[in-house]
Protein chains: 2
Amino acid sequence: MTAGTPFELPAKCDTCVVRHKSICAVLSEDELKDFNRIARHRRVPTGQVIAADSEIVFANILDGVVKLTKTLADGRQQIVGLQFPPDFLGRIYAKESPYFAEAATDVELCAFPKDGFEGMLRRYPGLEHRLFENTLDELDSAREWMLLLGRKTARERVASLLMMIARRAPNVGCSHTPDNNFAKFTLPLTRADLADYLGLTLETVSRQITNLKKADIIELIDNREIIVPNLDALEDVAGN
Amino acid sequence: MTAGTPFELPAKCDTCVVRHKSICAVLSEDELKDFNRIARHRRVPTGQVIAADSEIVFANILDGVVKLTKTLADGRQQIVGLQFPPDFLGRIYAKESPYFAEAATDVELCAFPKDGFEGMLRRYPGLEHRLFENTLDELDSAREWMLLLGRKTARERVASLLMMIARRAPNVGCSHTPDNNFAKFTLPLTRADLADYLGLTLETVSRQITNLKKADIIELIDNREIIVPNLDALEDVAGN
DNA sequence: CGACACTTTGACTGTAGTCAATGTAAGTGG
DNA sequence: CCACTTACATTGACTACAGTCAAAGTGTCG
């Protein structure tokens, strides 16, 4: 749980898996060289902190899933964002990050030092525009989730989350491709994490997963591996 | 409830109340003239729709409070954002707005036609930067609210909302100034709206307000007019 | 005055939380 | 190889907080 000293490697942009999907997509080859000079790869094992409260880390996610959390004084916790590759990580234009970033699975990052990155931001306006678009999308997602947290039942919440993961998980290594109406994927989160994302307890999440299984909406290979034979049926349960 | 045909007046930037607080603060006098040419004032009475689903309206809020809502198929509703003067309204870079904007009180807007505004955005990069900072702040607020919706009790939620309004309401005409530890303000929302913002029912909101009154945390002059004799005490109830 | 919109209060219910026990699988060491 | 630990998940019994349904209260306006 405590921050270790993850090893770092120089970035190799020419073979990068997210070269054309991450924020780097807006950079020319020349600009990318500039970027390449300051970028460092970094591995963060499951459960480790990427950026503690206040500290700010800028990075592209190459692999794995990152959770952003907020916590009340008495320990009640809420996940306020889940990030998958090729998402960008880090609260720019702030002295302190208003939340906590933690590796939900083993994570591979391409990290940028704060100063260097902010210099880039000034030099390449296309980059800022791209980050702006990202932020607008994140805001839309956050508000979508507010509807879930404020108004959906436990059953609807769990179904909604499975839908969301079925949609995004293809970008995470080990999972299968969802085609039209079938999906198979590995949950990147424990039951406790699911609960923290859904505003429920882990027992309630477990019960709802059992219910969806009994209703033949999903099948479980093991606790983490899930098959959705009919995404439309799951979508129906999710509400909206 | 249905969209009327609100009257429109040309904007007068030189006497504008939000000239130096809204996004216009980043514009030079010359740039402002350009802006002035396309801006139109618009009044929207309580309860009227400003922008229905999909439609996009760009505007500065001059007076009043705007609620952004999302609704499930069966009618369950959630307010996903509250906007006060001098906030900017409108989802830029999208074909459709993912939510619904409605006047919570009588509202005065300074509105910009979509095309004209997007032209400005291209011509004056400072403007885009300013909107980006706004959006980052909105994202932080949305995530703050996710914590409230996911993890706080009814009592904590109501107290948190009162704190938020005590902080922001000074910008809304009729309310009093909060000094160090005392605040007096007019709630810009009905109990039903409070409930929709807090993910509760209006009955629960009403009961919690009664409880806070009985606990001497707040005083009610009438249903809408509230005095907080000790903001620290309210803050304590709000959790965090 | 009556109509209407909004709010409060009460009695009862139901969903999700709490507390506790049990189950399952992977990994460790004797 | 098997007992033991550890981490995670499921299940059950009970509780409590907020929701639901219904009635009454308050204030404003025509």
Side-chain angles (χ1 to χ4, degrees), chain A residues 1 45-48 72 74-78 104-106 148-162 186-215 218-226 237 239, chain B residues 1 45-48 72 74-78 104-106 148-162 186-215 218-226 237 239:
Chain A
M1 281 295 184
T46 304
Q48 274 207 0
L72 295 173
D74 62 3
R76 282 173 288 173
Q77 195 173 65
Q78 178 67 41
T105 64
D106 288 349
L148 176 145
L149 292 171
R151 293 303 182 201
K152 287 192 178 180
T153 64
R155 185 182 166 88
E156 290 169 337
R157 291 184 201 200
V158 171
S160 300
L161 180 54
L162 294 177
T186 304
L187 278 178
L189 303 174
T190 64
R191 297 292 185 268
D193 282 339
L194 295 175
D196 280 349
Y197 199 27
L198 295 171
L200 300 169
T201 59
L202 67 91
E203 293 94 330
T204 298
V205 170
S206 178
R207 280 187 249 268
Q208 295 303 333
I209 288 177
T210 304
N211 287 350
L212 291 174
K213 195 171 57 182
K214 281 181 183 157
I218 60 173
E219 293 165 44
L220 295 194
I221 298 176
D222 63 36
N223 289 335
R224 293 296 194 92
E225 198 81 15
I226 291 193
V237 178
Chain B
M1 281 298 184
T46 305
Q48 275 208 2
L72 294 172
D74 61 5
R76 279 172 290 173
Q77 195 173 65
Q78 177 67 42
T105 65
D106 288 348
L148 176 145
L149 293 171
R151 293 302 182 202
K152 288 192 178 180
T153 64
R155 184 180 167 88
E156 290 168 337
R157 292 184 201 201
V158 171
S160 301
L161 180 54
L162 294 177
T186 304
L187 277 178
L189 302 174
T190 65
R191 298 292 185 266
D193 282 339
L194 296 176
D196 280 350
Y197 199 26
L198 295 172
L200 299 169
T201 59
L202 66 92
E203 292 94 331
T204 298
V205 170
S206 178
R207 280 187 249 268
Q208 295 304 333
I209 288 178
T210 304
N211 288 350
L212 291 174
K213 196 172 55 184
K214 283 181 182 158
I218 60 174
E219 294 165 44
L220 295 194
I221 298 176
D222 63 35
N223 289 334
R224 293 295 193 92
E225 199 80 14
I226 292 191
V237 178

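A, B, ... follow the sequence lines: proteins, then strands. Residue 1 opens every chain. Because only heavy atoms are used, hydrogens play no part in the values below, and waters and symmetry mates are left out as well, while side chains stay in.
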Atom CG of A:D196 and atom C1' of C:dG17 are separated, to the nearest Å, by 14 Å
key: pair B:V237-B:V158: side-chain heavy atoms closer than 4.5 Å   = no
By side chain to side chain donor-acceptor pair (under 3.5 Å), A:S206 pairs with (sequence neighbours left out) none
Rounded to whole Å, the CG-C1' distance (A:L198 to C:dA16) equals 13 Å
In this structure, CG of B:L194 is separated from CZ of B:R157 (nearest 0.5 Å) by 13.5 Å
Distance col, row A:T153:OG1 vs A:L148:CG, nearest 0.5 angstrom, shows 9.0 Å
Residues passing the salt bridge (Lys or Arg N to Asp or Glu O under 4.0 Å) test with B:D74, sequence neighbours excluded, are B:R76
So the contacted stretch of DNA chain D, first to last nucleotide with an atom under 4.0 Å from a non-hydrogen atom of chain A, runs from D:dA9 to D:dA13
Item to complete: Show your working on side-chain contact (heavy atoms from CB on, under 4.5 Å) between B:I221 and B:I226 and close with a plain yes or no.
Response: CA-CA 6 Å; B:I221 298 176; B:I226 292 191; over 6 Å; no
What residues 149-160 of chain A contributes to the DNA chain D interface at heavy-atom separation below 4.0 Å is none
Margin query: Can a donor-acceptor pair be found, under 3.5 Å and without considering hydrogens, that links the side chain of B:Q78 to the backbone of B:Y197?
Written below: yes
The complete set of salt bridge (Lys or Arg N to Asp or Glu O under 4.0 Å) pairs with one or both residues in residues 187-212 of chain B, sequence neighbours excluded, reads A:R151-B:D196, B:K67-B:D193
Output for pair (A:L161 CG, A:L187 CG), nearest 0.5 Å, gives 7.5 Å
One should read off an interatomic distance between A:L162 CG and A:I209 CD1, to the nearest 0.5 angstrom, of 6.5 Å
What's touching nucleotides 6-9 of chain C from the protein side, N or O pairs under 3.5 Å?
unit_1 : atom_1 : unit_2 : atom_2 : d
C:dT7  : OP1    : B:R191 : N      : 3.4
C:dT7  : OP2    : B:R191 : N      : 2.8
C:dT8  : OP1    : B:R191 : NH2    : 3.1
C:dT8  : OP2    : B:R191 : NE     : 2.8
C:dT8  : OP2    : B:S206 : OG     : 2.6
C:dT8  : O5'    : B:S206 : OG     : 3.1
C:dT9  : OP2    : B:T210 : OG1    : 2.9

